[in-house]
Amino acid sequence: MTQQTDTSASERLPAHVLVVEDDAVLGLTIEQALLDAGVAQVVLSASTEEALRRLREERPDVIVLDVHLADRDDGWAIAELVRTLGPDSPRIIFSTGAPQDIPENVAALGCTLEKPYDAAVLVDLLRQPRRRGIISRLRGALR
């Protein structure tokens with residue numbers, strides 16, 4: 001029997017995930033679940049400032065973004081900034097206990113996980129293909 005199933009499942013996972021979470025226990029739990037699932041690199045940031053510094057230094061495939069951080073209550077500002085990077089910007093997954101607080105136009109930039117959530121739900125979500133808008137699909141078809 002081969003382990004091809006496990007390998008193909010982990011190949012669908014992003015290689016690099018930035019987790020922006022100010023709850024240390026939750027951040028470490030998410031980190032371990034992603035590493036156990038096969039994500040090659042998981043980076044934790046506990047503040048908006050640290051997340052922005054990380055984004056200047058490296059480009060993750062996915063950002064798991066707590067929208068209510070201790071240093072700022074509008075963590076979605078990071079998502080708005082990330083989207084200015086263009087069609088190849090990191091995929092965004094919002095993490096919040098109050099999804100109704102995310103402005104509708106910002107919530108459309110990614111999907112939302114309501115806290116508390118099981119880390120396995122996040123892993124399953126990461127295995128799903130990235131949704132692409134009509135403009136991105138048209139660009140891809142024209143290349």
Side-chain angles (χ1 to χ4, degrees), residues 1-99 101-103 105-141 143:
M1 183 195 282
T2 66
Q3 293 185 351
Q4 186 174 4
T5 305
D6 292 338
T7 303
S8 64
S10 65
E11 286 175 1
R12 289 192 306 252
L13 286 168
H16 181 190
V17 177
L18 172 62
V19 177
V20 183
E21 175 60 62
D22 59 354
D23 179 324
V25 173
L26 181 56
L28 291 171
T29 300
I30 293 169
E31 176 186 38
Q32 193 59 56
L34 295 177
L35 291 171
D36 289 348
V39 174
Q41 181 181 9
V42 180
V43 176
L44 296 177
S45 292
S47 68
T48 303
E49 183 179 321
E50 185 180 351
L52 292 173
R53 182 179 56 78
R54 293 282 188 177
L55 287 168
R56 282 190 295 272
E57 295 171 359
E58 53 199 56
R59 173 117 12 133
D61 301 308
V62 176
I63 301 172
V64 179
L65 178 59
D66 180 1
V67 297
H68 296 290
L69 297 168
D71 66 333
R72 288 188 61 164
D73 202 34
D74 66 343
W76 58 77
I78 295 171
E80 292 174 316
L81 176 66
V82 165
R83 286 300 177 210
T84 67
L85 299 175
D88 294 328
S89 63
R91 180 177 173 190
I92 297 171
I93 299 174
F94 296 107
S95 172
T96 181
D101 291 349
I102 303 173
N105 63 323
V106 175
L109 297 175
C111 58
T112 303
L113 288 175
E114 186 172 1
K115 292 179 182 178
Y117 60 88
D118 187 328
V121 172
L122 173 59
V123 171
D124 289 341
L125 186 59
L126 291 175
R127 285 194 171 112
Q128 295 175 10
R130 179 179 182 155
R131 290 185 292 166
R132 296 176 60 207
I134 187 72
I135 301 299
S136 295
R137 288 186 296 215
L138 286 172
R139 279 190 192 127
R143 289 183 185 173

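Start at 1 with the first residue, then count along the sequence.
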Which side-chain N or O atoms in residues 115-126 pair as donor and acceptor under 3.5 Å with protein atoms at least two apart or in another chain?
unit_1: Lys115; atom_1: NZ; unit_2: Glu21; atom_2: OE1; d: 3.0
unit_1: Lys115; atom_1: NZ; unit_2: Glu21; atom_2: OE2; d: 3.3
unit_1: Lys115; atom_1: NZ; unit_2: Asp66; atom_2: OD1; d: 3.4
unit_1: Lys115; atom_1: NZ; unit_2: Asp66; atom_2: OD2; d: 3.2
unit_1: Asp118; atom_1: OD1; unit_2: Ala120; atom_2: N; d: 2.8

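Taking the side chain to side chain donor-acceptor pair (under 3.5 Å) definition, one finds that Glu50 meets it with nothing, sequence neighbours left out. For Glu114, there are no side chain to side chain donor-acceptor pair (under 3.5 Å) partners two or more places apart in sequence or in a different chain. When the side chain to side chain donor-acceptor pair (under 3.5 Å) test is applied to Asp23, no partner is found at least two apart in sequence or on another chain. Residues passing the salt bridge (Lys or Arg N to Asp or Glu O under 4.0 Å) test with Arg53 are Glu57, sequence neighbours excluded.
A distance of 6.0 Å separates CG of Leu44 from CG of Leu28, quoted to the nearest 0.5 Å. Atoms CD1 and OG1, from Ile92 and Thr112 in turn, are 10.5 Å apart once rounded to the nearest 0.5 Å.
Heavy-atom neighbours of Glu49 CD from other residues, nucleotides or ligands within 6.0 Å: at or below the threshold of 12.
Across all non-hydrogen atoms, the minimal contact from Thr48 to Asp71 is N-OD2, 2.9 Å. For the pair Arg54 and Ser45, the tightest heavy-atom approach, listed with the atom from each and the gap, is CG-OG, 3.4 Å. Nearest heavy-atom pair across Ser95 and Val64 is CB-CG1, 4.4 Å. Taking each heavy atom of Leu18 and Ala51 in turn, the nearest pair found is CD2-O, 4.3 Å. The minimum heavy-atom distance between Val39 and Ala15, with the atom names listed, is CG1-O, 3.7 Å. Heavy atoms only, all atoms of each residue included: Leu55 and Pro60 are closest at CD2-CD, 3.7 Å.
Looking only at side-chain heavy atoms (C-beta outward), Leu34 and Val19 come within less than 4.5 Å of each other.
Among pairs with a residue in residues 27-41, those fulfilling side chain to side chain donor-acceptor pair (under 3.5 Å) read Gln32-Asp36, at least two apart in sequence or across chains.
A donor-acceptor pair is defined here as one N or O able to donate and one able to accept, closer than 3.5 Å; such a pair exists between the side chain of Asp61 and the backbone of His16.
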